[in-house]
Amino acid sequence: MSAPRLNRKLVLEEAQRVPDGAGGYALTWVALGVHWARIDPGTGRERAGEFVTVSQVPYKITVRGAVQGAPSRPKPEQRFRDGARIFRITAVTEEDLEGHYLTCFAQEEVLA
């Protein structure tokens with residue numbers, strides 16, 4: 001297997017609860033670190049929402065490997081940010097037997 005070309009700088013983010021001052025909480029996204037990645041788009045689809053049309057595109061995002069449990073290892077429910085673009089991670093697996101690279105399956109949702 002040849003090494004993938006990691007040419008996109010993505011910020012890995014995780015949702016955290018913060019007190020809202022009224023006894024409840026709000027979710028805020030906190031940056032965990034930067035990953036260089038390769039992004040491969042899948043086939044998109046469009047669905048009608050109640051008031052808007054939502055376009056969904058699945059992506060395979062390849063990043064350098066990290067051992068299970070490492071804070072730098074992406075996991076589902078986290079997301080990657082590329083400027084204003086957001087890629088919600090749905091699953092993560094090793095791309096190769098040695099675990100040098102990880103494949104993150106993600107969704108980008110855009111309001112149309």
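- Using a distance-only test at 3.5 Å, with no hydrogens or angles considered, no donor-acceptor pair links the side chain of D40 to the main chain of Y59.
- Remark: the backbone N or O of F105 is paired with a side-chain donor or acceptor of T90 at under 3.5 angstrom.
- For the side chain to side chain contact (heavy atoms under 4.5 Å, CB included) test, residues two or more places apart in sequence or in another chain that qualify with R5 are N7.
- Contact between Q78 and E13 at its shortest, heavy atoms only, is CB-O, 3.3 Å.
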Trace of the side-chain contact (heavy atoms from CB on, under 4.5 Å) decision for Y25 with D20
CA-CA 5 Å; Y25 67 90; D20 66 2; 5.7 Å; no

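- From E95, atom CD reaches atom NE2 of H100 across 12.0 Å, with rounding to the nearest 0.5 Å.
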Would you please test R73 and E94 for salt bridge (charged side-chain N to carboxylate O under 4.0 Å, His left out) and show each step?
CA-CA 11 Å; R73 184 183 174 103; E94 286 78 13; 2.9 Å; yes

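- Rounded to the nearest 0.5 angstrom, I86 CD1 and R81 CZ are separated by 3.5 Å.
- With hydrophobic clusters built from ILVMFWY side chains whose heavy atoms lie under 4.5 angstrom apart, I89 does not share a cluster with V11.
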Show every donor-acceptor pair shorter than 3.5 Å between a side-chain atom in residues 29-37 and any protein atom, with sequence neighbours excluded, or say none if there are none.
residue, atom, partner, partner atom, Å
H35, NE2, S72, O, 3.0

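- Looking only at side-chain heavy atoms (C-beta outward), I39 and F87 come within less than 4.5 Å of each other.
- Partners of T43 by side chain to side chain contact (heavy atoms under 4.5 Å, CB included), not counting sequence neighbours: none found.
- Using a 4.5 Å heavy-atom threshold, the side chains of L27 and V18 count as separate.
- Using a cut-off of 4.0 Å between Lys/Arg side-chain N and Asp/Glu carboxylate O, E108 and R79 are scored as not salt-bridged.
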Go through the steps to decide whether Q107 and V57 satisfy the test side-chain contact (heavy atoms from CB on, under 4.5 Å), and finish with yes or no.
CA-CA 6 Å; Q107 291 280 333; V57 179; over 6 Å; no

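- Rounding to the nearest 0.5 Å places CG of L12 at 10.0 Å from CD1 of I61.
- For the atom pair NZ of K75 and CD of E77, the computed distance is 10.5 Å after rounding to the nearest 0.5 Å.
- Of all non-hydrogen atoms in L6 and R64, the two that sit nearest each other are CD1-CG, 3.7 Å.
- Shortest non-hydrogen contact noted between P76 and A91 is CG-CA, 4.0 Å.
- Of all non-hydrogen atoms in L102 and G65, the two that sit nearest each other are CG-CA, 3.8 Å.
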